[in-house]
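These notes are about the structure you will find just below.
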Amino acid sequence: MKDEYTVPSIKPRDALVLVCVDEWTEKRFTGTFYHLYLQDAFPFSSQMDLMIQMDWLFDELNHPQSYFEHRGARKKSPAERQVLSVKAHGERRGAVSTFYIHILQRQNATWQGTLWLAGRQGQIPFRSVLELARILDSEEKPCG
């Protein structure tokens, strides 16, 4: 039997975020997210707040690099950062739901990647932040 919380297969350079949802009311959810490179927990108060903070964090880490930003050697590259144990992140759970957002790239002023929802097999690809938001909005209190 396959574990419903299987951690996605990743490479050290990937931008993987674990989202732990603690409260879900109608179309709004709150909780905490964790990035693969950091031990810090980042609380969020809404879906929009989650996406704004994730974008800020990607800018701070300079990974994945924004397509429309000047690219330079101002910060450590992802390969130079210490990757935390994915298993440690995989053990974290939200009170209501848990899912992974894997950002493959940031092009055309938006994100492209995949979403893994706990309790479902496979992944859901998205081509923009708006499409990701619509996928999350279509979920009614995902299990997890």
Side-chain angles (χ1 to χ4, degrees), residues 1-69 71 75-144:
M1 180 174 172
K2 189 172 182 174
D3 180 13
E4 66 178 340
Y5 296 112
T6 302
V7 178
S9 172
I10 61 162
K11 301 177 205 96
R13 294 183 55 86
D14 285 352
L16 183 69
V17 173
L18 171 68
V19 180
C20 299
V21 178
D22 296 325
E23 185 178 338
W24 190 295
T25 55
E26 300 199 15
K27 296 292 183 182
R28 181 183 174 134
F29 55 84
T30 63
T32 307
F33 76 91
Y34 304 87
H35 190 278
L36 177 66
Y37 297 135
L38 306 170
Q39 290 182 332
D40 302 336
F42 297 89
F44 61 90
S45 59
S46 67
Q47 181 175 311
M48 181 61 74
D49 186 37
L50 168 66
M51 295 189 187
I52 289 170
Q53 287 193 56
M54 285 176 58
D55 200 51
W56 169 83
L57 184 60
F58 297 150
D59 285 343
E60 286 297 304
L61 294 172
N62 198 30
H63 179 69
Q65 288 184 329
S66 179
Y67 184 75
F68 289 113
E69 294 287 326
R71 297 180 184 199
K75 297 181 180 155
K76 285 185 178 180
S77 73
E80 296 170 355
R81 295 184 186 279
Q82 177 185 2
V83 177
L84 299 176
S85 167
V86 177
K87 282 189 175 186
H89 282 306
E91 294 170 0
R92 294 184 169 127
R93 302 279 179 268
V96 176
S97 181
T98 305
F99 54 89
Y100 288 94
I101 300 174
H102 182 199
I103 306 300
L104 299 171
Q105 56 193 5
R106 294 194 301 166
Q107 289 188 345
N108 304 319
T110 192
W111 305 343
Q112 295 80 40
T114 53
L115 173 70
W116 280 271
L117 295 168
R120 291 194 184 176
Q121 291 191 12
Q123 51 191 310
I124 303 169
F126 59 89
R127 296 168 294 203
S128 68
V129 173
L130 180 59
E131 189 173 357
L132 174 61
R134 286 183 177 161
I135 293 167
L136 293 173
D137 276 347
S138 69
E139 294 298 316
E140 294 185 24
K141 285 191 180 184
C143 58

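Positions are given from 1 along the sequence. FYI, side chains are in, hydrogens and waters are out, and symmetry mates aren't considered; it's all heavy atoms of this structure.
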State, to 0.1 Å, how close [X] and [Y] come at their nearest heavy-atom pair, and which atoms those are.
X	Y	value
Thr98	Arg93	OG1-CA, 3.5 Å
Phe44	Thr32	CE2-N, 3.3 Å
Gln123	Thr114	OE1-CG2, 3.1 Å

Go through the structure and list residues passing side-chain hydrogen bond (donor to acceptor under 3.5 Å, both in side chains) with [X], not counting sequence neighbours.
X	result
Asp22	none
Ser128	none
Glu131	Arg127
Arg134	none

Can you measure from [atom1] ([X]) to [atom2] ([Y]) and round to the nearest 0.5 angstrom?
X	Y	atom1	atom2	result
Leu136	Leu115	CG	CG	5.5 Å
Thr110	Leu132	OG1	CG	9.0 Å
Leu57	Ile52	CG	CD1	14.0 Å

Notebook entry, point to check: According to the interplanar angle, ranging from 0 to 90°, do the rings of His102 and Trp116 count as parallel (below 30°), tilted (30 to 60°) or perpendicular (above 60°)?
Noted result: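 The arrangement is parallel - the two ring planes meet at less than 30°.
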Check: Parallel, tilted or perpendicular: which describes the rings of Phe99 and Phe29, with under 30° parallel and over 60° perpendicular?
Finding: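 Taking Phe29 first and then Phe99, their aromatic rings stand perpendicular (interplane angle over 60°).
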Next item on the list: State whether Tyr34 and Arg92 meet the cation-pi test: NZ (Lys) or CZ (Arg) under 6.0 Å from the six-membered ring centroid, and within 45° of the perpendicular axis.
Entry: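 Yes, a cation-pi geometry.
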Next item on the list: Go through the steps for Leu117 and Ile124 under the test side-chain contact (heavy atoms from CB on, under 4.5 Å), then give the verdict.
Entry: CA-CA 8 Å; Leu117 295 168; Ile124 303 169; 3.8 Å; yes
Next item on the list: May I ask you to decide if Arg28's main-chain N or O and Ser46's side chain share a donor-acceptor pair within less than 3.5 Å?
Entry: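 No; zero donor-acceptor contacts below 3.5 Å.
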Check: Residues two or more places apart in sequence or in another chain: which of them pass ring-ring contact (aromatic ring centres under 6.0 Å, His included) with Phe33?
Finding: Phe42
